[in-house]
Protein chains: 2
Amino acid sequence: MDIVQQIRDKGLKATPARQLVYAELTRSHMAYSHAELEALFLDIDRVTLYRILKDFEDAGLVHKVFDTQGSTRFAICHHTCPGKHHAENHVHFNCNDCGRMFCLQAVQTPEINIPGGFRVAGMHTLIYGSCEKCNQLTDKNEPTDKIQEVIV
Amino acid sequence: MDIVQQIRDKGLKATPARQLVYAELTRSHMAYSHAELEALFLDIDRVTLYRILKDFEDAGLVHKVFDTQGSTRFAICHHTCPGKHHAENHVHFNCNDCGRMFCLQAVQTPEINIPGGFRVAGMHTLIYGSCEKCNQLTDKNEPTDKIQEVIV
DNA sequence: AAGTAAATGCAACAATGTTGCGTTTAAGAT
DNA sequence: ATCTTAAACGCAACATTGTTGCATTTACTT
Ligand SMILES: [Mn+2]
Ligand SMILES: [Mn+2]
Ligand SMILES: [Zn+2]
Ligand SMILES: [Zn+2]
């Protein structure tokens, strides 16, 4: 479906800034930090970007997750997403080397039994290590500074 | 072992503030936010508290974790702790109602196979829901504002 | 008891996120 | 096509969380 229409379908105006952000998140399937998005879209105001991400999250277009440093990141919601709690269904991977974070849409969060009187509502699973790109680059002793397209 | 000696064994001076913080973390086995500790120890300077927690973490006395809000929390390291990466061995539970966070020392993080060229170094498992106390209080429609001792 | 490196307290700064408000604009109605 | 208006934007100001520099104090060694 058209990006403009997807934004409008959530009751939001399809402004240029929103189209840019949504297109990028859709394209790369990665979880972006605020800093990463600011660097990508230098002409979008910092506050506007905060509000766009908040609006997208409330609308269920994106989900918010935290990386291993506790920094906030945003990623697109898959088309079969059940709404704002989408992030809880799948596992995330954070690369220690390049810092990028991936939504592993195909990997569901595991089942865990915990003792005591806890009532479980959901869980977050964050795996860390090094991504495919960084594995290869480490082997070749090359720099790992570029952010490139990845589909997981 | 004596608290003073445990702190000294890591090459740190056993100051009054450090003894207070370490004793509390040892007693409750919970993961405390900075705000919770500040409220508990009003006479400890804010910056000093930051430095105490950083020093404890570097020394392997405590581990740092993030809760469902992305807020930083600190918890004691178990006596059989392998050092700074202690937090990665066990599961954490964050109560949606009272906000408290528990170290489930007895619950190991699960094994997960992920596709692609990712090299896994470790994982964080954060479960959320409501704790035993809040379950009971919800049933009885009572307030849930008190922080009390819990051993998990 | 004295000496010294470590720790503390305070102020200033930095990073991240929020709020208020006047201006601009997207999208529906005419 | 133009008008209308609620929504979105841009900017400044503020709030929260965490860090750094430095003068003073204190825990531990001798
Ligand atoms: Mn995701
Ligand atoms: Mn823990
Ligand atoms: Zn990488
Ligand atoms: Zn609770």
Side-chain angles (χ1 to χ4, degrees), chain A residues 1-23 25 31-74 99 101, chain B residues 1-23 25 31-74 99 101:
Chain A
M1 194 208 293
D2 182 81
I3 278 182
V4 168
Q5 200 51 51
Q6 282 180 266
I7 295 172
R8 284 182 181 159
D9 283 351
K10 298 295 185 179
L12 301 174
K13 290 186 180 178
T15 66
R18 280 173 174 172
Q19 293 180 44
L20 285 171
V21 172
Y22 191 70
L25 294 179
Y32 283 89
S33 70
H34 210 272
E36 284 169 355
L37 289 173
E38 278 185 43
L40 267 171
F41 305 113
L42 294 171
D43 48 345
I44 300 181
D45 181 78
R46 203 173 61 91
V47 174
T48 298
L49 186 52
Y50 275 112
R51 292 199 260 230
I52 286 176
L53 293 169
K54 177 69 161 50
D55 292 339
F56 280 3
E57 193 197 359
D58 290 346
L61 290 175
V62 306
H63 58 278
K64 175 158 72 173
V65 284
F66 300 102
D67 63 22
T68 55
Q69 312 303 309
S71 302
T72 307
R73 286 174 176 267
F74 293 89
M101 188 155 154
Chain B
M1 194 209 292
D2 180 81
I3 278 182
V4 167
Q5 199 51 50
Q6 282 181 267
I7 296 173
R8 286 183 180 159
D9 283 351
K10 298 296 185 179
L12 302 174
K13 290 185 181 179
T15 65
R18 281 174 174 173
Q19 293 180 44
L20 285 171
V21 172
Y22 191 69
L25 294 179
Y32 283 89
S33 70
H34 210 272
E36 283 169 356
L37 289 173
E38 278 184 44
L40 222 46
F41 305 113
L42 295 171
D43 47 347
I44 299 181
D45 182 78
R46 200 174 64 91
V47 175
T48 298
L49 187 52
Y50 275 113
R51 291 201 262 230
I52 286 175
L53 293 169
K54 178 69 161 48
D55 293 339
F56 279 4
E57 193 198 0
D58 290 345
L61 290 175
V62 306
H63 58 277
K64 175 158 74 173
V65 285
F66 300 103
D67 63 22
T68 55
Q69 312 303 310
S71 303
T72 307
R73 286 175 176 266
F74 293 89
M101 188 154 155

Pair Leu53(A)-Leu37(A), side-chain contact (heavy atoms from CB on, under 4.5 Å): steps then yes or no: CA-CA 10 Å; Leu53(A) 293 169; Leu37(A) 289 173; 3.9 Å; yes
Options [options], nucleotide nearest the side-chain atoms of [X]:
X	options	answer
Val47(A)	dT19(C), dG17(C), dA7(C)	dT19(C)
Lys13(A)	dG17(C), dA8(D), dT19(D)	dA8(D)
His34(A)	dA8(D), dT17(D), dG17(C)	dG17(C)

5'-most contact on DNA chain D (nearest-nucleotide basis), Asp43(A) vs Lys64(B), goes to Asp43(A)
Within this structure, what is the [atom1]-to-[atom2] distance between [X] and [N], rounded to whole angstrom?
X	N	atom1	atom2	value
Tyr50(B)	dA7(C)	OH	C1'	18 Å
Phe41(A)	dG10(D)	CZ	C1'	18 Å
Leu53(A)	dT18(C)	CG	C1'	14 Å
Arg18(A)	dA7(D)	CZ	C1'	8 Å
Ile44(B)	dG18(D)	CD1	C1'	17 Å
Arg73(A)	dG17(C)	CZ	P	11 Å
Leu12(B)	dT26(D)	CG	P	19 Å
Ile7(A)	dA27(C)	CD1	C1'	14 Å

Just to confirm, is there a sub-4.0 Å distance from OP1 or OP2 of dA7(C) to any side-chain nitrogen or oxygen of Thr15(B)? no
So does Thr72(B) get a side-chain nitrogen or oxygen closer than 4.0 Å to the phosphate oxygens (OP1/OP2) of dT17(D)?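 It does not, given that no N or O in the side chain of Thr72(B) lies less than 4.0 Å from OP1 or OP2 of dT17(D).
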Residues Ile7(B), Tyr22(B); criterion side-chain contact (heavy atoms from CB on, under 4.5 Å); working and verdict: CA-CA 8 Å; Ile7(B) 296 173; Tyr22(B) 191 69; 4.1 Å; yes
May I ask you to say whether Asp58(A) pairs ionically with Lys54(A), meaning some side-chain N is under 4.0 Å from a carboxylate O? yes
Checking all strands, does Ala35(A) fall into the base, sugar-phosphate, or nothing category for heavy-atom contacts under 4.0 angstrom?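 Answer is nothing: Ala35(A) stays at 4.0 Å or more from every strand.
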Start with the C-alpha gap between Val21(B) and Phe56(B), add the side-chain angles, then the distance that decides, and say whether side-chain contact (heavy atoms from CB on, under 4.5 Å) holds. CA-CA 10 Å; Val21(B) 172; Phe56(B) 279 4; 4.1 Å; yes
Could you tell me whether the side chain of Arg51(B) has a donor or acceptor atom within less than 3.5 Å of a complementary atom in the base of dG18(D)? no
Ignoring hydrogens and angles, does a donor from either the side chain of Arg46(B) or the base of dG18(D) sit under 3.5 Å from an acceptor on the other? yes
If only atom types and distance count, is the side chain of Arg18(B) paired as donor or acceptor with the main-chain N or O of Lys13(B) below 3.5 Å? yes
